[in-house]
Amino acid sequence: MNQLTEMPKLTVYFKDKEIESFTFDEGTVRVGRDETNDVTIDSLAIAPVHAVITLRHGVATIRPLQDEFPITVNGEKTQEGVLNNNDMIALGKHHMLFSSTSAGMFKPFAEVLNNEPSPAAPLFGIEPELPNGNFQIMDGENIGKIIPIKKNMVQLGRPGQGIVVVTRKKDGYFVSTLENKGSLTVNGEPIDNKIIKLTNNDVLSINDKSLQFFLS
């Protein structure tokens, strides 16, 4: 189990925009649409009480409360699981970043291709010796363009067509699905609900876009 070294924080996002953040001590955190929850998300896609996060002895666990209102953690549907630093929780049309410090938000792939800057964010829990990760676009009008991974989480893809999240952790770079639609593969193998560690020269394909991962 991953023990928390700092007070845990939940940051709620909708369509890549930060809505609100919450910091908690040990205890039970209820997440849902009803205003009596500790974390309230005003959306019909969210159950009145959607999920419960339990913080005990430095360990955080999460579980959904109703089958018709599921949750995913790093793109993988879960009934109950331990939360690790930088985990992304999706529920309804919102998602929450679980962390022990504040975190910067990722930008959509479309914005990266439009040459918008990708600001750096604090790399909490990242060892200095971890090499920098990058993607190089392998086709299309932006062929050859380098996309450096400057933040702990980078979202690639487009809503409705498939979205993946690349997460930087102290032991490497990992890719998982946030919206499992279309063709999302690593080296031709579907990502599905797996969390895949990227290695040098792996090819991430998002429908008609191919990006080669490399370390520098």
Side-chain angles (χ1 to χ4, degrees), residues 1-2 10-11 13 16 45 50-51 53 59-64 67-99 103 105-110 112 123-127 130-139 147-149 151-215:
M1 291 187 179
N2 181 59
L10 289 170
T11 305
Y13 296 93
D16 297 355
H50 198 108
I53 298 173
V59 176
T61 59
I62 187 170
R63 62 183 176 90
D67 291 340
E68 60 267 36
F69 290 98
I71 61 172
T72 65
V73 178
N74 298 329
E76 185 174 356
K77 186 177 180 180
T78 183
Q79 291 300 318
E80 184 169 9
V82 176
L83 291 174
N84 295 295
N85 196 30
N86 301 343
D87 276 351
M88 182 62 76
I89 306 159
L91 60 170
K93 298 180 180 180
H94 290 70
H95 45 276
M96 300 187 300
L97 180 65
F98 176 83
S99 62
M105 189 51 186
F106 40 71
K107 281 186 175 291
F109 189 36
V112 174
L123 299 179
F124 31 87
I126 305 301
E127 298 295 333
L130 180 68
N132 295 321
N134 309 270
F135 285 105
Q136 184 170 28
I137 300 175
M138 301 175 63
D139 47 31
I147 304 174
I149 303 174
K151 298 185 289 183
N152 296 304
M153 285 194 172
V154 176
Q155 175 180 325
L156 304 175
R158 294 183 176 88
Q161 300 179 24
I163 299 173
V164 301
V165 173
V166 179
T167 307
R168 178 176 178 169
K169 299 186 178 182
K170 65 180 180 179
D171 53 344
Y173 297 83
F174 299 81
V175 62
S176 59
T177 57
L178 182 62
E179 184 181 279
N180 194 11
K181 295 183 179 180
S183 177
L184 309 175
T185 66
V186 173
N187 299 329
E189 295 294 324
I191 302 173
D192 294 328
N193 293 321
K194 301 186 291 291
I195 300 174
I196 299 174
K197 184 176 183 179
L198 293 171
T199 59
N200 211 27
N201 298 322
D202 279 350
V203 175
L204 171 64
S205 295
I206 306 172
N207 296 318
D208 60 339
K209 301 292 183 185
S210 294
L211 304 95
Q212 187 169 42
F213 175 79
F214 67 94
L215 299 170

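For the single chain, residues carry numbers from 1 onward in sequence order. Side chains included, hydrogens not; waters and symmetry mates left out as well; all remaining heavy atoms used.
Counting only residues at least two apart or on different chains, no salt bridge (Lys or Arg N to Asp or Glu O under 4.0 Å) pair has a member in residues 67-86. Residue pairs meeting the ring-ring contact (aromatic ring centres under 6.0 Å, His included) criterion with at least one member in residues 152-175, sequence neighbours excluded: Y173-F213.
Taking every heavy atom of both residues into account, N207 and K181 meet most closely at OD1-O, 4.5 Å. Taking every heavy atom of both residues into account, A90 and L178 meet most closely at CB-CD1, 4.1 Å. Closest approach of P131 to L215, counting heavy atoms only: CB-CB, 4.0 Å. Closest heavy-atom contact between S176 and I195: CB-CG1, 4.1 Å. The two residues I137 and D139 make their nearest non-hydrogen contact at CG2-O, 3.2 Å.
Expressed to the nearest 0.5 Å, how far CD1 of I53 lies from CZ of F98 amounts to 7.0 Å. Taking OG from S205 and CG from L211, the interatomic distance works out to 8.0 Å, rounded to the nearest 0.5 Å. Going from atom NZ of K209 over to atom CE of M138 covers 13.0 Å, rounded to the nearest 0.5 Å. With values rounded to the nearest 0.5 angstrom, N152 atom CG is found 10.5 Å from K169 atom NZ. Expressed to the nearest 0.5 Å, how far CG of N74 lies from NE2 of H95 amounts to 12.0 Å. One finds the CG atom of D171 at 8.5 Å from the CG atom of L130 (value rounded to the nearest 0.5 Å).
Residues D87 and T167 are not in side-chain contact: their nearest non-hydrogen atoms beyond the backbone lie 4.5 Å or more apart. Within the 4.5 Å cutoff, the side chain of V82 has heavy atoms near those of the V59 side chain. You'll find the side chain of M153 reaches within 4.5 Å of the side chain of N86, heavy atoms only. Side-chain contact between T177 and D192 is absent, with no heavy atoms from C-beta onward closer than 4.5 Å. V73 places a side-chain heavy atom less than 4.5 Å from the side chain of I62. Proximity of L198 to V166: side-chain heavy atoms (C-beta onward) are separated by under 4.5 Å at one or more points. Contact of the T61 side chain with the L83 side chain is not registered, since no non-hydrogen atoms from C-beta on lie closer than 4.5 Å.
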Notebook entry, point to check: Can you list the steps and then say if I149 with N134 is a side chain to side chain contact (heavy atoms under 4.5 Å, CB included)?
Noted result: CA-CA 5 Å; I149 303 174; N134 309 270; 5.9 Å; no

Notebook entry, point to check: Is there a side chain to side chain contact (heavy atoms under 4.5 Å, CB included) between V164 and Q155 once you walk through the steps?
Noted result: CA-CA 6 Å; V164 301; Q155 175 180 325; over 6 Å; no

Notebook entry, point to check: Do N201 and Q212 pass the side chain to side chain contact (heavy atoms under 4.5 Å, CB included) test, and can you show the C-alpha distance, the side-chain angles, and the key distance before you say yes or no?
Noted result: CA-CA 6 Å; N201 298 322; Q212 187 169 42; 3.7 Å; yes

Notebook entry, point to check: Step by step, would you call I191 with V186 a side chain to side chain contact (heavy atoms under 4.5 Å, CB included)?
Noted result: CA-CA 7 Å; I191 302 173; V186 173; 4.0 Å; yes

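Ring geometry, H50 versus F69: the interplanar angle exceeds 60°, so the pair is classed perpendicular (tilted spans 30 to 60°).
Applying the salt bridge (Lys or Arg N to Asp or Glu O under 4.0 Å) test to D202 and every residue at least two apart in sequence or in another chain returns nothing.
The side-chain contact (heavy atoms from CB on, under 4.5 Å) test with P64 singles out one residue from L91, T72, I71, and that residue is I71.
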